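All values reported here derive from a predicted model rather than from experimental measurement. Lettering of chains follows the sequences in order, A, B, ..., and the numbering in each one begins at 1.
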There are 2 protein chains.
Amino acid sequence: MVTLAEVARHAGVSASTVSYVLSGKRTISAQTRERVERSIRELGYHPNAGARALASSRSNIIALMMPLRTEMYLPVMMEIAIAVATTAREHAHDVLLLTGQEGPEAMRRVAGSGLADAMILMDVELEDERLPLVRETRRPAVLIGLPADTGELTCVDLDFAETGRQCVTHLAGLGHREIAMVGEAAAVYERRTGFAERTILGVRERAAELGVRVLHRPCEGTYESMAGTLSRIFDERPGTTAIIVQNEEVIGPMLSLLRQQGRAVPEDISVVAVCPEQVATQQAVALTSVAIPAFEMGRRAVELVMARVRAEATGAPAATHTELLPPTLTVRASTGPAAGVPVANAPSAGAR
Amino acid sequence: MVTLAEVARHAGVSASTVSYVLSGKRTISAQTRERVERSIRELGYHPNAGARALASSRSNIIALMMPLRTEMYLPVMMEIAIAVATTAREHAHDVLLLTGQEGPEAMRRVAGSGLADAMILMDVELEDERLPLVRETRRPAVLIGLPADTGELTCVDLDFAETGRQCVTHLAGLGHREIAMVGEAAAVYERRTGFAERTILGVRERAAELGVRVLHRPCEGTYESMAGTLSRIFDERPGTTAIIVQNEEVIGPMLSLLRQQGRAVPEDISVVAVCPEQVATQQAVALTSVAIPAFEMGRRAVELVMARVRAEATGAPAATHTELLPPTLTVRASTGPAAGVPVANAPSAGAR
DNA sequence: TAGATGTATCGAAGCGCTTCAACGGCCGGG
DNA sequence: CCCGGCCGTTGAAGCGCTTCGATACATCTA
């Protein structure tokens, strides 16, 4: 393995000069720089990560802590992970993948050993057991998801409350007065994962403002569960004319069931989904939806955490804050005027 | 940050003794060991990763290189990644997440810098551009997927050829003589990803042996594509009585479409899927399927790569080899006797 | 022209750990 | 009773890099 010393010898300069060429922390004459860079290329030199970490006490690694829950929708997690890894590389950092398996103890280990300079936590619950550790280890950290108390923390998430509001606004604008919401699995609510709660909160809030009735039902990720949920909804509220879904896994089954029951979308039932763009567009009926900007969330998390790492290095007072990405509702083919509403409320028009 | 030296002072021993307690590479009296361990606990000591890597030239990190292709089925990738991370921890290693973004150059960087001790490559193509680098950097590496030439390489994968054979055997046993295979997106075949090719090879081979006709059609991941594929299949081969699907994304749409067309599963059409267990069981009709053992693949990859790391440390001659996991076909509700075949071939019986 | 300033480079001191050679004490065998 | 061997422990030498003065020289100012 080529070392910095060998590069220095080859270029006829001292080791420190090579180091400064690499880091750019001191001015180096163009001539010397070029000579060193050529030597680096010719010898195929790669700085040793361990030595660098030891000397600089910076590992250039960001830890990404994933949940291990099976109820979470894996594609979104995956997309966030890919976004994190990709964006991290743009900041000359690598990503260490931590699973929930090891428990919160993993955070102590990684922070304590200096393995990672910073952490990004996914799937944060309202009362997350990792929060005390985040506050305790004074390393830069960013949460993807919103805990109950965001004091001293930096968080990124989609604005799910606003997402819920927009869904209701859109449907109410089309004349719907009885809306059902098919939510995540019951376990998600029990665990008090913020996003699910915030969505239904937003839905209820706007529904109250606009005089719309809402029925909320959680739903597991199976076909049977969806079938049961659907029949219960129409049993309890036969007048339901629109459904908001926030459970990617059962969107397909739901559309399939509605068709079987002879309920046309959007003529008899309007459907708004909260799901990744890809899921919305790949259904039999293109769904009006609010996209989950997974990539953007991962990217922003890295940018925020890198800002904090930089701030820490310069001793600046890293401001903590919460960043809620604004949701965007895209109208597609699955929503239309409520059955029995005068045609004046044209489907193409926006909110009333 | 607590250092080893501080632990040594606190325990009243030398630094090397603490190190040996940690590594177990020399005999330490029970008494001393306990004293040291208590100090470690009391001080909350975590060995510094960089220093350790520098001194031992082992980082205890495995790099996991993911593809960046959107056509790949993300949940499977994700499950493999989780399996890798989990298993790696059991071997006291961490996982570095590399995306295809950076290109094969990432391998050189990671190997050259000593950031990772070993690599696991996912989504390997038949003629993968990363293969030369794997052979060149003499670091332990394991591929998930099978390239055309496995010389000098260690690979893990499901035995897709056998998977294809088993699907045909099962269907032929039920009396089916005209089978259609709905495959992955055309791009997957163009890229020459091994698993898709090997499956259809296995299908064709067994079909030829058993005198079954096979029609193979790739299919994109959308509802429309599935609709088109299905109608083309029944146009060209109206006598088709069974379908093998190897494209997780469109399984839902396919079942939905079949129902719409009035084709009952399994009475009119039998369906065998090659997909994760979860996908097979969550459909409206539980699918007879060959599971994709994603977790097992990730786990085996780590075990093989760790064996090679250990072998390298002891100077043993690490044998390279290919490990094909045996597929298992699970009969569920989606396959039955071919229409028009005497009842003697009961659906519950295995292959004839 | 002496002194002040600035620029480009170098030398050396670590960073925290692993590991090797060496050492002292204890044992049993001759 | 002495010696060889073993066990448990230690000191010291790095691992390859960063970074802090210090140095040497060129440039500017009064």
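- Taking the side chain of A:Y20 as heavy atoms from C-beta on, and the options D:dT19, D:dT18, C:dT19, the nearest nucleotide is D:dT19.
- Contact check, B:R26 against C:dT19: no side-chain N or O comes under 4.0 Å of OP1 or OP2.
- Applying the 4.0 Å criterion to OP1 and OP2 of C:dC17, one finds that B:Y45 has a side-chain N or O inside that range.
- Atom CD1 in A:I28 sits roughly 13 Å away from atom C1' in D:dT19 (whole-Å rounding).
- Atom OG1 of B:T3 is separated from atom CG of B:N48 by 9.5 Å, given to the nearest 0.5 angstrom.
- Rounded to whole Å, the distance from NE2 on A:H46 to C1' on D:dC17 is 16 Å.
- Straight-line distance from the CE atom of B:M1 to the C1' atom of C:dG16: 13 Å, rounded to whole Å.
- Residue B:S19 is classed as a base contact, given a heavy-atom separation below 4.0 Å to a base.
- For A:R191 and A:T193, the side-chain atoms include at least one donor-acceptor pair closer than 3.5 Å.
- Put simply, CD on A:E6 is 11 Å from P on D:dC15, counting in whole angstrom units.
- Here the side chain of B:R52 is nearest to one of C:dC17, D:dG16, C:dC10, namely C:dC17.
- Base contact: B:T17 has a heavy atom under 4.0 Å from a base atom.
- When the side-chain nitrogen and oxygen atoms of B:K25 are compared with OP1 and OP2 of C:dT18, none of them lie within a distance under 4.0 Å.
- Taking CG of A:L22 as the reference point, atom CG of A:L4 lies at 7.0 Å (rounded to 0.5 Å).
- Looking only at atom types and distance, the side chain of A:S19 has no donor-acceptor partner in the side chain of A:S16 under 3.5 Å away.
- Rounded to an integer number of Å, the gap from CG of A:N60 to C1' of D:dC17 is 13 Å.
- When the P atom of C:dG11 is taken as reference, atom CG of A:L4 falls 14 Å away, rounded to whole Å.
- Distances shown here put a side-chain N or O of A:T27 below 4.0 Å from the OP1 or OP2 atom of C:dA8.
- Between B:R9 atom CZ and D:dT9 atom P the separation is 19 Å, expressed in whole Å.
- Salt-bridge annotation for A:E6 and A:R9: absent, with no side-chain N of the basic residue lying under 4.0 Å from a carboxylate O of the acidic one.
- As a whole-Å value, the separation of B:L115 CG from D:dG16 P is 16 Å.
- Contact annotation: B:S56 side-chain N/O to C:dT18 OP1/OP2 distance is not under 4.0 Å.
- Using a 4.0 Å heavy-atom distance criterion, A:L54 is classed as a base contact.
- A:S39 and A:H10 share a donor-acceptor pair across their side chains, judged by distance under 3.5 Å alone.
- Below the 3.5 angstrom threshold, one finds no donor paired with an acceptor across the side chain of B:S14 and the base of D:dG11.
- The side chain of B:A51 sits closest to C:dC17 out of C:dC15, C:dC17, D:dT19.
- Residue-level contact check: A:S29 touches the backbone only, with heavy atoms under 4.0 Å from sugar-phosphate atoms and none from bases.
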